[in-house]
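In what follows, chains carry the letters A, B, and so on, assigned in the order in which the sequence lines appear, proteins first and then strands, with residues in each chain numbered from 1.
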Amino acid sequence: MPELPEVESVRRLLTEGRPSLIGTTVDRVEVLRDNVIGGHLLAEQFCQDVQDSVFHEIIRHGKYLFFRLHSARATNNLWMTVHLRMTGRLFLVSDRASKTMYTRLVVHLQQGLALRFDDPRAFGRVWLVEDPAEVIAGLGPDALTVDEDTFLRRLDHHRRQLKPLLLDQSFVAGIGNIYADESLFRAGIHPLKTVADLTVSQRKVLYRAVHDVMHEAVACKGANIDGVFEAGCFPVAVYGRAGLPCRTCGTALVKLRVAQRGTHLCPQCQPIEKVKSLVGGQV
DNA sequence: CACTCTACCTGTGCGC
DNA sequence: TGCGCACAGGTAGAGT
């Protein structure tokens with residue numbers, strides 16, 4: 001489940017890795033499953049629009065990647081936009097590398113390389129926009145770079161439960177189920193609490209937790225979840241650890257369902273007492 | 001506005 | 001051993 005830190009790792013690898021995608025030229029695009037192309041674009045049109053373009057840069061906002069393409073034929077930039085959703089992966093490989101049964105899209109490059117998009121669950125999408133602002137307009141500030149004032153100001157506009165709020169990409173972009181749980185644990189705040197339940201100092205603690213978790217996870221190149229991800233080394237404290245002892249206090253971690261999402265927490269470190277907004281029996 | 005539900009997918013892991 | 005089924009999750013869109 002790539003969230004902001006995993007997506008940022010992909011961006012850095014494709015940009016700064018050796019070889020790099022930057023400066024390569026699209027030879028031809030191969031769509032192996034039509035619904036990988038999002039928006040209202042037909043696969044055929046997508047291939048045509050991208051052909052002969054040069055990759056100039058990759059930017060990220062939340063969990064979205066935007067590849068700036070420049071075509072010799074057109075004066076304007078075109079941005080290839082990618083959302084990996086649950087199981088999508090991007091690789092820069094030799095053009096001779098063999099595909100898998102999960103390969104959905106191959107961008108063949110003139111340099112003997114290929115940008116490949118593999119996705120077992122086939123939830124991920126690739127599409128074209130003229131300006132990333134079209135997409136970013138619907139998103140909140142990026143969770144990695146949002147400053148404290150902005151975060152606190154945006155919190156003031158809501159009275160919702162914190163777990164669904166953190167998952168809401170229009171509030172802050174980039175936090176998914178794993179890092180929502182990790183951030184709330186780090187802050188020592190129960191996920192069922194609402195914004196209205198928090199004091200000003202608790203709101204600052206929450207901001208600091210989100211900030212620190214995001215930066216640490218990016219430095220680790222993503223999470224390390226019982227072998228689910230091969231890359232990252234960020235040690236999850238609560239996600240997927242229900243029944244195991246809390247690393248801080250030893251109490252058995254608990255899994256709840258909050259807003260239809262599996263939600264992991266330490267009942268000792270994230271106390272629920274004095275929360276008036278809760279309906280009885282939920283914990 | 002806040003929330004809930006459903007659809008989209010398929011590998012995994014459970015119970016029987 | 002094998003079958004069926006619930007489950008996992010991010011987002012869009014419809015409904016309450």
Side-chain angles (χ1 to χ4, degrees), chain A residues 1-8 10 31-41 43 60-66 81-90 100-105 117-127 129 132 134-140 142-143 154-184 191-198 214 217 222-223 225-230 232 236 238-243 253-264 276-279 282:
Chain A
M1 306 127 237
E3 302 180 22
L4 187 156
E6 290 78 18
V7 176
E8 175 63 11
V10 170
V31 175
L32 292 107
R33 182 163 169 148
D34 278 349
N35 71 356
V36 73
I37 305 298
H40 307 288
L41 208 53
R60 180 196 57 74
H61 191 98
K63 305 170 197 170
Y64 292 78
L65 285 171
F66 302 94
T81 308
V82 178
H83 198 300
L84 301 171
R85 294 287 187 100
M86 306 298 304
T87 50
R89 298 179 66 183
L90 283 169
T100 74
M101 64 184 296
Y102 304 125
T103 302
R104 309 303 186 197
L105 180 87
F117 181 66
D118 288 13
D119 187 6
R121 297 276 271 284
F123 270 24
R125 292 291 182 270
V126 181
W127 68 104
V129 297
E134 298 167 31
V135 177
I136 294 172
L139 301 172
D142 187 76
R154 293 178 75 82
L155 264 187
D156 269 338
H157 296 157
H158 295 276
R159 272 170 295 281
R160 309 168 61 181
Q161 284 179 334
L162 294 168
K163 174 72 187 265
L165 182 62
L166 289 177
L167 290 176
D168 185 342
Q169 303 299 299
S170 70
F171 172 64
V172 168
I175 302 175
N177 207 35
I178 296 168
Y179 294 106
D181 286 0
E182 294 300 313
S183 298
L184 287 164
L192 287 174
K193 285 189 177 177
T194 67
V195 178
D197 292 322
L198 300 186
M214 284 295 143
I225 298 181
D226 298 334
V228 176
F229 303 119
E230 66 276 23
V236 292
V238 289
Y239 183 85
R241 299 191 68 243
L253 299 175
V254 163
K255 182 173 182 179
L256 302 179
R257 210 154 176 87
V258 181
Q260 286 80 241
R261 313 301 295 281
T263 298
H264 313 74
K276 301 177 189 95
S277 57
L278 282 182
V279 285
Q282 226 187 112

Protein-nucleotides 6-8 of chain C N/O pairs under 3.5 Å:
| from | atom 1 | to | atom 2 | distance (Å) |
| --- | --- | --- | --- | --- |
| C/dA8 | OP1 | A/K255 | NZ | 3.2 |
| C/dA8 | OP2 | A/R257 | NH1 | 2.9 |
| C/dA8 | OP2 | A/R257 | NH2 | 3.3 |
| C/dA8 | N1 | A/R121 | NH2 | 3.4 |
| C/dA8 | N3 | A/R121 | NH2 | 2.8 |

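- Of all heavy-atom pairs between A/L167 and A/N177, the closest is CD2-N, 3.5 Å.
- Rounded to a whole Å, the CG atom of A/D168 is 11 Å from the C1' atom of B/dC1.
- The interatomic distance linking A/Y64 (OH) with C/dT11 (C1') rounds to 7 Å, in whole Å.
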Steps toward salt bridge (Lys or Arg N to Asp or Glu O under 4.0 Å) verdict (A/R160, A/D168): CA-CA 11 Å; A/R160 309 168 61 181; A/D168 185 342; 2.7 Å; yes
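- At the phosphate of B/dC1, neither OP1 nor OP2 sits under 4.0 Å from any side-chain N or O atom of A/H158.
- The nearest whole Å value for the distance from the CG atom in A/L167 to the C1' atom in C/dA12 is 15 Å.
- Taking atom CG of A/N35 as the reference point, atom P of C/dA12 lies 16 Å away to the nearest angstrom.
- Between A/Y102 and B/dG11 there is a side-chain polar atom (N or O) within less than 4.0 angstrom of OP1 or OP2.
- Projected onto DNA chain B by closest heavy-atom contact, A/H157 and A/R33 fall at different nucleotides, the more 5' of which corresponds to A/H157.
- Nucleotide B/dC9 holds its C1' atom 12 Å from the CZ atom of A/F117, rounded to whole Å.
- Taking all atoms of both residues into account, the shortest heavy-atom contact from A/G62 to A/D142 is N-OD1, 2.7 Å.
- Rounded to a whole Å, the CG atom of A/L165 is 13 Å from the P atom of B/dC1.
- Between the P atom of B/dC9 and the CZ atom of A/R89 lies a distance of 21 Å, rounded to the nearest Å.
- Taking 4.0 angstrom as the limit, A/R125 places none of its side-chain polar atoms (N or O) nearer than this to OP1 or OP2 of C/dT11.
- Taking both residues in full, the closest heavy atoms of A/G262 and A/R257 are given as N-NH1, 4.1 Å, listed atom of the first, atom of the second, then distance.
- Between A/I178 and A/V236, the shortest heavy-atom contact is CG2-CG1, 4.1 Å.
- Nucleotides of DNA chain B nearest to A/R85 and A/M101 differ in position, and the one nearer the 5' end is that of A/R85.
- The two atoms that bring A/P2 and A/V7 nearest to each other are CB-CG2, 4.2 Å, heavy atoms only.
- Using a 4.0 Å heavy-atom cutoff across all strands shown, A/R160 reaches sugar-phosphate atoms only and no base atom.
- Within 4.0 Å of A/D119, counting heavy atoms only, lies no atom of the nucleic acid at all.
- The shortest non-hydrogen separation linking A/V31 to A/L105 is CG2-CD1, 3.5 Å.
- Atom C1' of nucleotide B/dA2 and atom CG of A/L162 are separated by 14 Å, given to the nearest angstrom.
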